[in-house]
Structure formats: structure tokens, C-alpha cells
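Presented below is the structure to which this report refers.
Side chains are part of it too, since the values below use all heavy atoms of this structure and drop only hydrogens, waters and symmetry mates. We number each residue from 1, following the sequence as shown. Predicted model, so just to flag it, every value in this text is computed and none were measured.
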Amino acid sequence: MDNVMGANEELAAKNKAAFKEADVVAVNVMGSPGSGKTTILENALGPLSEKYKLGVIEGDLFTTRDAERIEAVGAEVYQINTGGSCHLNAAMVNEAVKEFPIDDYDVLFIENVGNLVCPASFDLGETLRVTVFSVSEGADKAVKYPKMFRRAHAVIINKVDLLDHTDVDLDEVRKDLREITPKASIFEVSATTGEGLEDWIDWLQEQLVKLQ
Ligand SMILES: Nc1nc2c(ncn2[C@@H]2O[C@H](COP(=O)(O)OP(=O)(O)O)[C@@H](O)[C@H]2O)c(=O)[nH]1
Ligand SMILES: [Mg+2]
């Protein structure tokens, strides 16, 4: 296992250098299956594309469904199929980056495989990490899967439009997140109604300015 992690770290460092060289900010979007990662991207790409050149890498086990959804909103997308693996690794992203004109992009979104465990352990060389979970999954996800939240620069609590149909107490979720990931910016969003999404888009733009 140490060898696997060592090899991954080496390639992640290569990816990081390639992103820096290309002057592109790579955003690793992680979270549970169905938490709304693709929906968030679908709705954020339009506003962001007014200012920035965007590319998207879609990670999935076998299908190209998410890539098709992203293509439908007019973004350039590269599909990685992991063949059953529960996370992307740096080697997969390294291959993708060779095929993808990252020099042309300001931001490269990488939608990881939906999973709250494995992707947290595999650095891809990304610049920013965003963890998404939704209120319909229950209030305890950050407490149960802390690693996925601890390293996040931003956490999106999605599907707040469904709050009334759940027993989730947002105050409790916020308090847990403050303890687990004190530095992360927290966003309460409904990707489908658009509520709160602008705040996350603004945050992302602030990061892009800081990183320039
Ligand atoms: N009610 C509600 N549904 C959402 C929201 N965001 C995503 N969904 C739905 O949740 C399902 C999974 O979303 P998807 O973006 O595919 O999740 P992913 O697996 O994390 O990429 C889809 O049916 C979406 O329409 C939201 O904010 N509110
Ligand atoms: Mg998806």
C-alpha cells in the first residue's frame, strides 16, 4: 500500500507542476454519489464561462452519463472511466491532462468518483478541494467521514430545498463542520433552485484572484 501511495504522490506532484506551468487552477470536486456534484457544475459553468475558460474532467466507474450532461451545457469535457475503482488517482489525471489542452484553461474542474472515503486519500495534484454532501444524506456525514471534510477548502451543503423533508438540523451540521474543518468555507446551496450557488461561485472567483 505504501508503494501505491508513494507512486500516487509522485504523479500528483507532476500534475501539480503541470497545472502551475499551464496556469490553470484544478478543482477536485468530491462527495457522495448523488450529492449533486454534477448538478452544481452544470449550473456553475455557465456563469463562470463568461469570465474564464473552463475544462472538466469527469471521473466515473463505467459510464459517460455525467460527461454527457456537462457537454450539454457547452463545456469541454474529458471522461475518465476508472473501471470500477472507487476514486480517481493521480495517474489517471496525468493521462487525461496529456489529452486535454490545459494551457487553454483558467479552471479545470475534476469531478471525482462519488464516494466519501477513497478519494480523500488520493491527491490528484489539485489546487483546490471542494467536498459536497446533501441534507438528504443526514446530518452526520462530516462526523462519520472526517477525512473527506478536513482537507476541503470549501464544503457545499447541497439540497437545502429539501430541508423540511428531513430531520437535519443545519446548526448541528455547521457546528460539526466548524470543529472538523475550521478553515473551510461553508456554503448552503440548492443546486436545482440556484439558492446559495452564487456565493460559492463568488468564493471560487476570489480564490482564482488570490492564486493569480
Ligand atoms: N432537490 C434537489 N435535488 C438535487 C439538488 N442537486 C442535485 N439534485 C438531484 O440529485 C440527483 C443527483 O444529482 P447529481 O448531480 O447527479 O449528483 P452526483 O452523483 O453527486 O453528481 C439528481 O436527480 C439531481 O437532480 C438540489 O439542490 N436539490
Ligand atoms: Mg456526478
Only distances under 3.5 Å count here; give the side-chain donor-acceptor pairs of residues 199-209 to other protein atoms, sequence neighbours excluded, each with its distance to 0.1 Å.
{"residue": "W203", "atom": "NE1", "partner": "S185", "partner atom": "OG", "Å": "3.1"}
{"residue": "Q205", "atom": "OE1", "partner": "K51", "partner atom": "NZ", "Å": "3.1"}
{"residue": "Q207", "atom": "NE2", "partner": "W203", "partner atom": "O", "Å": "3.4"}

[X], [Y]: one ILVMFWY side-chain cluster at the under-4.5 Å cut-off?
| X | Y | result |
| --- | --- | --- |
| I80 | L124 | yes |
| V168 | I157 | yes |
| L61 | V29 | no |
| I156 | L45 | yes |

Checklist entry - D123: what forms a salt bridge (charged side-chain N to carboxylate O under 4.0 Å, His left out) with it, not counting sequence neighbours? => result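 Partners of D123 under the salt bridge (charged side-chain N to carboxylate O under 4.0 Å, His left out) test: none.
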Item to check | All salt bridge (charged side-chain N to carboxylate O under 4.0 Å, His left out) counterparts of R178, not counting sequence neighbours | outcome: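 Result, salt bridge (charged side-chain N to carboxylate O under 4.0 Å, His left out) vs R178: none returned.
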Item to check | With E68 via side chain to side chain donor-acceptor pair (under 3.5 Å) - residues at least two apart | outcome: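 E68: side chain to side chain donor-acceptor pair (under 3.5 Å) contacts with T64.
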Item to check | Under the side chain to side chain donor-acceptor pair (under 3.5 Å) test, residues paired with S35 that sit two or more places apart | outcome: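 Expected list: none.
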Next on the checklist: Under the side chain to side chain contact (heavy atoms under 4.5 Å, CB included) test against D66, which residue among T39, D60, V56 passes?
Outcome noted: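 It is D60, the one option of T39, D60, V56 that forms the side chain to side chain contact (heavy atoms under 4.5 Å, CB included) with D66.
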Classify the side-chain pair [X]/[Y] by whether it contains a donor and acceptor separated by less than 3.5 Å.
| X | Y | value |
| --- | --- | --- |
| S190 | T193 | yes |
| S121 | K147 | yes |
| R151 | T131 | no |

Checklist entry - Is any side-chain heavy atom of L197 closer than 4.5 Å to a side-chain heavy atom of F187? => result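 Side chain of L197 against side chain of F187, heavy atoms only: no contact under 4.5 Å found.
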Checklist entry - Just wondering, are more than 12 heavy atoms of other shown residues or ligands nearer than 6.0 Å to NZ in K14? => result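 No - once you tally the heavy atoms of other residues, nucleotides and ligands closer than 6.0 Å, there are 12 at most.
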Checklist entry - Would you find more than 12 non-hydrogen atoms of other residues, nucleotides or ligands less than 6.0 Å from E172 atom CD? => result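 Count over threshold, so yes.
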Next on the checklist: Check this for me: does any side-chain nitrogen of one of R174 and E188 sit under 4.0 Å from a carboxylate oxygen of the other?
Outcome noted: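 A salt bridge links R174 with E188.
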Check: residues 92-116 side-chain donor-acceptor pairs under 3.5 Å, at least two apart:
{"residue": "N94", "atom": "ND2", "partner": "N15", "partner atom": "OD1", "Å": "2.8"}
{"residue": "E95", "atom": "OE2", "partner": "K98", "partner atom": "NZ", "Å": "3.2"}
{"residue": "Y105", "atom": "OH", "partner": "E76", "partner atom": "OE1", "Å": "2.4"}
{"residue": "D106", "atom": "OD2", "partner": "K53", "partner atom": "N", "Å": "2.7"}
{"residue": "E111", "atom": "OE1", "partner": "T38", "partner atom": "OG1", "Å": "2.7"}
{"residue": "E111", "atom": "OE2", "partner": "T38", "partner atom": "OG1", "Å": "2.9"}
{"residue": "N112", "atom": "OD1", "partner": "L88", "partner atom": "N", "Å": "3.0"}
{"residue": "N112", "atom": "ND2", "partner": "N28", "partner atom": "OD1", "Å": "3.2"}
{"residue": "N115", "atom": "OD1", "partner": "V117", "partner atom": "N", "Å": "2.7"}
{"residue": "N115", "atom": "OD1", "partner": "C118", "partner atom": "N", "Å": "3.0"}

Checklist entry - Going through the checks in order, is the side chain to side chain contact (heavy atoms under 4.5 Å, CB included) test met by Y52 and V25? => result CA-CA 11 Å; Y52 303 102; V25 172; over 6 Å; no
Checklist entry - Would L41 and E58 count as a side chain to side chain contact (heavy atoms under 4.5 Å, CB included) if you check the C-alpha gap in whole Å, the side-chain angles of each, and the deciding distance to 0.1 Å? => result CA-CA 11 Å; L41 290 180; E58 278 293 335; 4.1 Å; yes
